[in-house]
Amino acid sequence: MNKKIIIRTLEKIALYMELKGENPFKVSAFRKAAQALELDQRSLDEIEDVTKLKGIGKGTGDVILELINDNKSTVLEELQEEVPKGLIPMMKLQGLGGKKIAKLYKELGIDSMETLKAACLNEEIQKLPGFGPKSEEKILKEINDFETKPDRQPIWKTEETVAFIQDVLTSIAEVTEFSVAGSFRRTKETSKDIDFIIATAEPALVKEQLLAALPVKETIASGDTKVSVTVEVLEPIDVDFRLVAPEEFVTALHHFTGSKDHNVKMRQLAKSQNKKISEYGVEQEDGTVTTFASETEFFAHFGLPFIPPSVREDGRELDRLDELPELVTIEDIKGDLHMHTTWSDGANSLTEMIEACVAKSYQFMVITDHSQYLKVANGLTPERLTEQHALIRETNKKYSEIEVFSGTEMDILPDASLDFDDDMLSQLDFVIASIHSSFQQPQEQIMERILTAMKNPNVHMIAHPTGRIVGQRDGYNPDVEQILDWAKEYGKIVELNASPYRLDLAVPYLVLAQEKGVPVAINTDAHAIEGLEVMETGVKHAQKAWLKKDTVVNTWSLEKFKEFINKSK
DNA sequence: GCCGTTTTCGGCCCGACTGTTTTCAGTCG
């Protein structure tokens, strides 16, 4: 029995129970049991007794055991007898929960999205006690949105909206402080909505100016301290604003940064210290409320070190405090190993890129323009690369503060050959191998191409190993675990491409890379000076995988990096 | 349904907003 199937079954049971109107705590007990299994790193076979896990007791334990032994769940089967299948997708509609859906089913026989839509159009819903014309209208709108609106948006799309809102908030005089919160602040690769915390003594005034300045498509909720709107900067997305008093800013920011699981853990911890956390502050035993000047102070109040937003996820971060000091940070980054210049498809010259890296106080950098196969990117022929190589050598002499290495981002061709011969490659300091073509090949062929690069002693790193674009394309679907095993075997670096479009490798693969002892380089793949800034996103993404400094190549000293790249020669 | 160093019952994180009520249930994050 697959662990994932058990987790999904427990969650399904919870969903059905919700629709049956079961005790909410019972429902959440099944969700917690699913979570307990999910958070346990061990496989099912390695867990001796599931009921020993915190959150799994007799009831949920029996369900799990039955699934393991008989490959079925009587509890779920019985629920499915009682509750029509068609109600499940309705739970995804905003504003409809188990109780309302159950009522609609009981009173009107609504058992699917289709019958729900029909009932709205027939104006049957508004006649139901507890419902009204507005409810009916909202449900109808939700059904239409459900068919058209994407569930989550990739970070590179939300980024533009966030920047737009930040500009608006900066321009409002009564705003004393503000910050984006939620999953965006935690650097999740996709977000369902965007959250902002605003500190102000004049909430009504700020709210008015804010709504006037934003491209609001629709207002979802508009209270004194909370405003929810759908704005359309790039694509429509929901944005929540919380207006709080300046002294409440930090606790509100922490609260709305989440994650939900992190907050639950924090509140439990507070409770064990006879304190109570809310977005307005921390209530002490004597009823007084403490507020804070920074999140660092907030965490310190509970005897905790500062926990970066990027790792506030499933609550386990509170058990990994001793690892926090080793976590890679932006201050640790000493270089960037992947960037382009006007020699291929970059927007800035060699000198401009160097100056920009000097300004970032980097100690080393590698120029890696595209290779000849990539004609659309003006890829370099061996002749041009040789010429560039000489220029980099010459230019490097002018800089004492940074070491500029000469490299290439070389294509791995569809026929599994490399774009340059060994003679050319051996002259370079650093060689990146990448796939930019024939994504549709079967996995076997893709892996053969990658293996060629792995086996070549002149290659140092595999860039954007899966070729994915977040929320847009899956890439070329390689066997990543195999890539990591090869990287270990052949002594190669795997890249964490920091571009918000890519974030490639994804978090679970980075976890695996570190476990296997494969070095990871966080690179911007900058095509212009501004592109160097995404290093910050890359580092936060790396933190989500709990990457340690030592795992990350570009935190190494210049000497250690040099030693690594010369080893294979 | 789960849990327990204020334990076998009583609480489970906490608060905002909406739409329907006429004081609050349901939903959400």
Side-chain angles (χ1 to χ4, degrees), chain A residues 10 13-14 17-36 50-64 75 90-104 125-139 141-142 181-184 186 191-197 203 207 219-229 238-244 248 251-252 254-283 285 289 312 315:
Chain A
L10 290 168
I13 290 173
M17 283 180 165
E18 225 175 331
L19 288 163
K20 235 193 96 185
E22 278 281 11
N23 176 347
F25 294 112
K26 185 172 169 182
V27 175
S28 105
F30 276 83
R31 296 223 161 93
K32 277 181 189 158
Q35 208 190 17
V50 282
T51 56
K52 289 257 161 65
L53 289 181
K54 198 170 181 286
I56 299 179
K58 175 113 180 42
T60 49
D62 282 350
V63 171
I64 296 169
V75 176
M90 285 162 61
M91 290 289 285
K92 285 234 165 100
L93 299 175
Q94 285 267 327
L96 277 191
K99 292 191 176 159
K100 284 189 180 174
I101 293 172
K103 195 168 185 184
L104 289 167
I125 307 280
Q126 54 172 294
K127 293 173 196 143
L128 220 55
F131 290 79
K134 280 198 177 170
S135 306
E136 188 173 81
E137 200 183 314
K138 243 178 113 177
I139 292 169
K141 198 197 138 294
E142 275 300 320
S183 53
F184 188 88
R186 302 200 313 276
S191 295
K192 196 165 72 63
D193 56 15
I194 301 172
D195 299 282
F196 269 94
I197 306 303
K207 183 180 154 184
T219 304
I220 302 159
S222 180
D224 293 339
T225 66
K226 185 182 162 185
V227 184
S228 293
V229 288
D238 294 346
V239 187
D240 286 344
F241 295 97
R242 300 294 299 225
L243 301 144
V244 298
E248 295 162 350
T251 39
H254 175 264
H255 176 81
F256 290 103
T257 296
S259 68
K260 202 178 161 182
D261 291 334
H262 170 82
N263 286 352
V264 168
K265 271 278 171 78
M266 284 299 295
R267 281 164 191 233
Q268 285 166 348
L269 174 68
K271 219 176 149 158
S272 74
Q273 300 179 4
N274 293 318
K275 296 165 186 164
K276 201 166 87 178
I277 300 176
S278 83
E279 51 261 58
Y280 303 112
V282 177
E283 194 182 316
E285 221 170 335
V289 175
R312 299 179 201 167

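This structure is a prediction, so every number in the text was calculated from the model and none was measured. By convention in this document, chain letters (A, B, ...) are assigned in the order of the sequence lines, proteins followed by strands, and residues within each chain are numbered from 1.
- Atom CD1 in I277(A) sits about 21 Å away from atom P in dG29(B), given to the nearest Å.
- Distance from the side chain of K276(A) is smallest to dC14(B) among dG4(B), dT27(B), dC14(B).
- You'll find that the side chain of T225(A) is closest to dA16(B), out of dA16(B), dT18(B), dG1(B).
- Using a 4.0 Å heavy-atom distance criterion, N23(A) is classed as a base contact.
- Among dG26(B), dC14(B), dG1(B), the nucleotide with an atom closest to any side-chain atom of R267(A) is dC14(B).
- With rounding to whole Å, K58(A) atom NZ is found 12 Å from dG1(B) atom C1'.
- Contact record, M91(A) with G97(A): SD-C, 3.9 Å, taken as the closest heavy-atom pair.
- Of the nucleotides present, dG19(B) is the one that pairs with dC24(B) by Watson-Crick or G-U wobble criteria, both distances under 3.5 Å.
- Distance noted for atom C1' between dT8(B) and dG1(B): 15 Å (whole Å).
- Contact annotation for S28(A): no contact, since no heavy-atom pair falls under 4.0 Å across all strands.
- Spacing between dT21(B) and dG26(B) at atom C1', rounded to whole Å, works out to 13 Å.
- One can place CD of E279(A) at 15 Å from P of dG29(B), the figure rounded to the nearest angstrom.
- Contact check on K265(A) versus D261(A) returns no salt bridge, with no Lys/Arg side-chain nitrogen under 4.0 Å from an Asp/Glu carboxylate oxygen.
- Between R267(A) and H255(A) the shortest side-chain heavy-atom distance falls below 4.5 Å.
- Between the P atom of dT20(B) and the CD atom of Q126(A) lies a distance of 9 Å, rounded to the nearest Å.
- Nucleic acid contact class of K192(A) (heavy atoms, under 4.0 Å, all strands): sugar-phosphate only.
- Comparing atom distances between the S278(A) side chain and each of dG15(B), dG29(B), dT27(B) picks out dG15(B) as nearest.
- Of the residues in residues 128-139 of chain A, those placing a heavy atom less than 4.0 Å from an atom of DNA chain B are G130(A), F131(A), G132(A), P133(A), K134(A), S135(A), in numerical order.
- Glycosidic conformation of dT21(B) is anti; the angle lies outside 90° of 0.
- The CG atom of L96(A) sits 19 Å away from the P atom of dA25(B) (whole-angstrom rounding).
- Within 6.0 Å of atom CD in E137(A), 12 or fewer heavy atoms from other residues, nucleotides or ligands are found, so the atom counts as exposed in its surroundings.
- Once rounded to the nearest 0.5 Å, the distance linking CD1 of I197(A) with NE2 of H254(A) reads 12.0 Å.
- Computed from coordinates, the M90(A) CE to dT27(B) P distance equals 11 Å when rounded to whole Å.
- Minimum atom distance to the side chain of R242(A) is reached by dA16(B), of the listed dC2(B), dC3(B), dA16(B).
- Neither OP1 nor OP2 of dG15(B) sits under 4.0 Å from any side-chain N or O of K226(A).
- OP1 and OP2 of dC17(B) both lie 4.0 Å or more from every side-chain N or O belonging to S228(A).
- Rounding to the nearest 0.5 angstrom, the gap separating the CE atom in M266(A) from the NZ atom in K275(A) is 10.0 Å.
- Counting only distance, with no hydrogens or angles, the side chain of E18(A) and the backbone of G98(A) share no donor-acceptor pair below 3.5 Å.
- Between the CG atom of L93(A) and the P atom of dC28(B) there is a distance of 9 Å, rounded to whole Å.
- The side chain of Y280(A) places no N or O atom within less than 4.0 Å of a non-bridging phosphate oxygen (OP1 or OP2) of dC14(B).
- For dG26(B), the OP1/OP2 oxygens have a side-chain nitrogen or oxygen of K99(A) closer than 4.0 Å.
- Each of T51(A) and M91(A) has a nearest nucleotide on DNA chain B; the 5'-most of these lies closest to T51(A).
- Taking atom C1' on both dC13(B) and dG29(B), the two are 12 Å apart, rounded to the nearest angstrom.
- A gap of 14 Å separates the C1' atoms of dT20(B) and dT27(B), to the nearest Å.
- Each of D193(A), I194(A), V229(A) was scored for a side-chain contact (heavy atoms from CB on, under 4.5 Å) with D240(A), with one residue passing: D193(A).
- Side-chain nitrogen and oxygen atoms of K260(A) include none within less than 4.0 Å of the OP1 or OP2 phosphate oxygen of dC28(B).
- Whole-Å rounding puts the E22(A) CD to dC12(B) P distance at 20 Å.
- Remark on DNA chain B: of its neighbouring residues D193(A) and I220(A), the 5'-side contact belongs to I220(A), judged by nearest-heavy-atom nucleotide.
- A gap of 23 Å separates the P atoms of dC17(B) and dT22(B), to the nearest Å.
- A102(A) approaches L19(A) most closely through the heavy-atom pair CB-O, 3.3 Å.
- Of the C1' atoms belonging to dG10(B) and dA16(B), the separation is 27 Å, rounded to the nearest Å.
- For S183(A) (side chain) and R186(A) (main-chain N/O), no donor-acceptor pair under 3.5 Å exists by modelled atom type.
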